[in-house]
Amino acid sequence: MKRPEALEVAKRLCAASDVVVENFASGVMDRMGLGYEVLRALRPDVIMIALSGYGASGPDNDKVSYGPAQVPLSGMSSLTGYRDFPPMHVGISYGDPTGGLHGAVAVLAALMHRARTGEGQYIDLSQWETSIAVLGEAVLAETLGDGAPARDGNRDPHMAPHGVFPPTAMTGWIAVAVEDDDGWRRFTACIGRPDLADDPRFATLVARKRNEDALEAIVAEWTATRSPDDATAACRRPASPPTRRRGTRTSPRAPTSAREATSSSTSTRPSAGGSTPASRGT
Amino acid sequence: MTEHASEVRAAAPCLGADTDQVLRDVCRYDDAAIARLRAGDVLI
């Protein structure tokens, strides 16, 4: 792209295009002679989107970014991992797909705007910000003064049991998520333990969260004798119907919901349901 | 999804497989100009 002939090819291509997408660090397109003002002179209604790591403005706009840096900077790593253990990467460079998906929606909106007005536009998208945008609950919790959510393995603050458990013969993993008290009652029927439905240690979400180690031991005992497919089939069998159904999300502080929610599925995630690595395989 | 007819029409193109066609049809380069660009290592 540093050769004049190459720049001319790029300009012709941009001039013939509805949308120009670039993923360089901020400022690179300008320095190459392919900035938005140049392209707009070639095609006044061009839509250009820059998917840089940190956006075209702000204190980090001059930094080069790669996905593995965006994950911890977004806060995603601080939410991932086991209690009292260091933050962990989430397995993929999350900023890449979140940046692309947000960018696609932004371009569609720009195309609609152009269809109505004839105007093109420049879209400055920070991939870093798009990674933060998918952490809505965590950002909201901290904004409201609850502090940053703590890492808690595969557990969920609003569901219990919620984890990944080892099946028989290590034929994959079994992920279990029970959303509310009705779901728990149905789950106890699915696993052949209806005696647990009204056990005061587990009857409510607050109780299940308080006794989560014991709860996970029971689930793990059940999964240990089943394949992922068998476990899934058992949980798909009709059990007792929900006694009531509402749309409020359950909170450990105010357990009120009874939304239908027993689910089980297979997983290949190499971890278990507990809150620490030591509880894996329980 | 099962009710939607689908078929594989072509394999995904290799990098640069459509470069000549794009330069010819979209950018309006003729064959001689494309050959000059390629000879000058402007096109990979």
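Below, each value reflects all heavy atoms present in this structure, side chains not excepted, and no hydrogens, waters or symmetry copies. Chain naming here is simple, since letters A, B, ... match the order of the sequence lines and numbering starts at 1 in each.
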Quiz item: How far apart are the closest heavy atoms of A:V9 and B:C27, and which atoms are they?
Solution: O-SG, 4.4 Å
Practice problem: Mind checking side chain to side chain contact (heavy atoms under 4.5 Å, CB included) for A:A104 and listing every partner two or more places apart, or none if nothing turns up? | Solution: none
Give each N or O donor-acceptor pair spanning chain B and chain A at a distance under 3.5 Å, with atom names and distance to 0.1 Å, or state none.
from, atom 1, to, atom 2, distance (Å)
B:C27, O, A:R12, NH1, 2.8
B:G40, O, A:R3, NH1, 2.7
B:G40, O, A:R3, NH2, 2.9

